[in-house]
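Order of the sequence lines fixes the chain letters, A, B, ..., with proteins taken first and strands second; residue numbering starts at 1 for each chain. The shown structure was predicted, so the numbers you read here are calculated from the model rather than taken from an experiment.
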Number of protein chains: 2
Amino acid sequence: MEKLSIEEETVVDNQGIDLKKKIKNIFGHLDPNNPPDICPIRDVLAPVTDKWSILIIIFLGVYTTLRFNELKRHIYGISSKTLTERLKLLKRDGYVLRKMYPEVPIRVEYQLTKFGYQYLEQLLNLTEWINSAMPDIIKKRHKFNVIIKK
Amino acid sequence: MEKLSIEEETVVDNQGIDLKKKIKNIFGHLDPNNPPDICPIRDVLAPVTDKWSILIIIFLGVYTTLRFNELKRHIYGISSKTLTERLKLLKRDGYVLRKMYPEVPIRVEYQLTKFGYQYLEQLLNLTEWINSAMPDIIKKRHKFNVIIKK
DNA sequence: CCGGATCCCCAGAGATACTG
DNA sequence: CAGTATCTCTGGGGATCCGG
């Protein structure tokens, strides 16, 4: 592999310059020989960009407060186990708040934290964008083969 | 589950109103009893928000053009098999361009498409945000238990 | 040699059943 | 109701092979 530092890299156009500067500011750790202890993408971002986490955040954004089984019904297809796991992780990292009411039967409510709402805004930008791009993507998939969701 | 349409939902504050309107505009398909054929999040967005896809997009954004093994070295930890898979999917959906030069030894170069650059911008917003939030998240994890990357 | 394809293996995700 | 427990099985890693 040729050694290309970001500085030496030839830049194609202004958009390229902007993007690369932005990336450079974000990542001091692009060197694979010197990986950071915790990678922002691998270890912090990616754990909450799976489909279930995204859907959880969005539905809590719509309904403000949801109980466990309400969430489960909204997010069709998710299993109890996976929902529990995702909620635990989202709580651990501060996206989600869990309130337990020791009634009979027990009641547990989930809400977004302030930080969770920040993430929701990010996700809405993403989903807005993917919605506008979706028709083209579907066309490409049809040309490529069939629908192939995965 | 109580039947809560977005309209009936009591709204807490202005931020809430804005977010919910945005969501409502994006999703006509929030009804779990009437799931769409193709879910924008499950089937279109989520397949490219895994850690490897994000890293591929970002590195192609930094270096403009990368060969297969260059990419593999930059994205430490990825296997050939997974890299191949992700690249195929990213190509299929129009994020990535593949150029093959039938030299000896063979040379294959990958680049972002225009659409790929659009996605890169989205991802940079996300990573910028996660970078600013990372210190707090790490603190929360320490309190919670240990570092727990996953 | 490069860019994969193939095969085997295992951790982790998901389906189902069950419990405090 | 809100989860666990159990089982299954797929997706991803590692090693090897291969066509150009």
Side-chain angles (χ1 to χ4, degrees), chain A residues 1-2 32 35 39 41-43 46-56 59-60 63 65-92 96-111 145 148-150, chain B residues 1-2 4 32 35 39 41-43 46-56 59-60 63 65-92 96-111 148-150:
Chain A
M1 180 177 65
E2 304 156 76
C39 168
I41 292 176
R42 287 161 225 253
D43 305 318
V48 294
T49 56
D50 63 289
K51 60 181 172 183
W52 300 131
S53 298
I54 295 177
L55 288 166
I56 290 171
F59 276 111
L60 287 179
Y63 291 102
T65 299
L66 283 174
R67 302 177 62 168
F68 185 86
N69 280 316
E70 286 175 340
L71 255 177
K72 194 182 170 191
R73 274 186 287 266
H74 279 296
I75 308 174
Y76 57 90
I78 196 171
S79 70
S80 296
K81 181 190 167 194
T82 305
L83 181 54
T84 302
E85 280 175 5
R86 302 327 293 164
L87 284 171
K88 273 187 188 166
L89 191 148
L90 288 171
K91 187 197 168 192
R92 182 200 76 192
V96 156
L97 210 65
R98 182 195 138 114
K99 295 184 186 173
M100 193 180 55
Y101 303 87
E103 309 169 351
V104 181
I106 193 174
R107 181 160 56 102
V108 179
E109 293 183 347
Y110 291 93
Q111 298 184 346
N145 203 349
I148 328 171
K149 290 185 177 184
K150 208 173 66 175
Chain B
M1 179 176 66
E2 303 158 75
L4 286 177
C39 168
I41 292 177
R42 288 161 224 253
D43 304 319
V48 294
T49 56
D50 63 289
K51 61 180 171 184
W52 299 133
S53 298
I54 294 177
L55 289 166
I56 290 170
F59 276 111
L60 287 178
Y63 292 101
T65 300
L66 283 175
R67 303 178 61 170
F68 185 86
N69 280 316
E70 287 175 339
L71 255 176
K72 193 181 170 190
R73 275 186 286 266
H74 280 296
I75 307 174
Y76 57 89
I78 195 171
S79 69
S80 296
K81 182 189 167 194
T82 304
L83 181 54
T84 303
E85 280 176 3
R86 303 324 294 163
L87 285 171
K88 271 188 188 166
L89 191 148
L90 288 171
K91 187 196 168 195
R92 182 199 75 190
V96 156
L97 210 65
R98 181 194 142 114
K99 295 185 187 172
M100 194 180 56
Y101 302 88
E103 309 168 350
V104 181
I106 192 174
R107 181 160 56 100
V108 179
E109 293 182 348
Y110 291 92
Q111 299 185 345
I148 328 172
K149 291 186 177 183
K150 210 173 62 173

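Checked against D:dG12, C:dA5, D:dT4, the side chain of B:Thr82 finds its nearest nucleotide in D:dG12. Residue A:Arg98 has its side chain nearest to D:dG3 when only C:dG4, D:dG3, D:dC1 are considered. For B:Arg67, taking side-chain heavy atoms from C-beta onward, the closest of the listed nucleotides C:dG3, C:dA15, D:dA2 is C:dG3. The side chain of A:Val108 approaches D:dA2 more closely than any other nucleotide in the set D:dA2, C:dG3, D:dG12.
Residue contacts for B:Tyr101: at a heavy-atom cut-off of 4.0 Å it reaches no nucleic acid atom on any strand shown.
Taking 4.0 angstrom as the limit, A:Tyr110 places none of its side-chain polar atoms (N or O) nearer than this to OP1 or OP2 of D:dC1. Between B:Ser79 and D:dG13 there is a side-chain N or O to OP1 or OP2 distance below 4.0 Å. Between A:Trp52 and the phosphate of C:dG14, there is a side-chain N or O to OP1/OP2 separation shorter than 4.0 Å. At least one side-chain nitrogen or oxygen of A:Asn69 sits closer than 4.0 Å to the OP1 or OP2 atom of D:dA2.
Remark: P of C:dG14 and OH of A:Tyr76 are 15 Å apart, rounded to the nearest angstrom. Rounded to an integer number of Å, the gap from B:Ile78 CD1 to C:dG3 P is 14 Å. One can place CG of A:Asp50 at 15 Å from P of D:dG11, the figure rounded to the nearest angstrom. Rounding to whole angstrom units, CZ of residue A:Arg107 and P of D:dG3 are separated by 13 Å. Between the CG atom of B:Leu71 and the P atom of C:dG4 there is a distance of 10 Å, given to the nearest Å. Atom-to-atom, CD of A:Glu85 to C1' of D:dG3 comes out at 12 Å; the value is rounded to the nearest Å. Atom pair B:Lys99:NZ and C:dG4:C1' shows a separation of 20 Å (rounding to whole Å applied). Distance, B:Ile75 CD1 to C:dG3 P: 14 Å, rounded to whole Å.
Within the model, atoms OH of A:Tyr63 and CD of A:Glu70 stand 9.5 Å from one another, a figure rounded to the nearest 0.5 Å.
Nearest heavy-atom pair, A:Ile54 versus A:Val48, reported as atom, atom and distance to 0.1 Å: CG1-O, 4.2 Å.
Remark: B:Arg42 qualifies as a cation-pi partner of A:Tyr76 under the 6.0 Å distance and 45° angle criteria applied to the six-membered ring.
No donor-acceptor distance shorter than 3.5 angstrom exists from the side chain of A:Ser53 to the backbone of A:Thr49, with no hydrogens or angles considered.
Between B:Phe68 and B:Tyr110, the ring planes are tilted. Angles from 30° to 60° get that label.
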Stepwise side-chain contact (heavy atoms from CB on, under 4.5 Å) test for A:Thr65 and A:Lys99 = CA-CA 10 Å; A:Thr65 299; A:Lys99 295 184 186 173; over 6 Å; no

From CA spacing to verdict: side-chain contact (heavy atoms from CB on, under 4.5 Å), A:Ile78, A:Lys72 = CA-CA 7 Å; A:Ile78 196 171; A:Lys72 194 182 170 191; 4.1 Å; yes

Anything under 3.5 Å between a protein N or O and an N or O of nucleotides 15-20 of chain D, put it in a table, one pair a line.
none

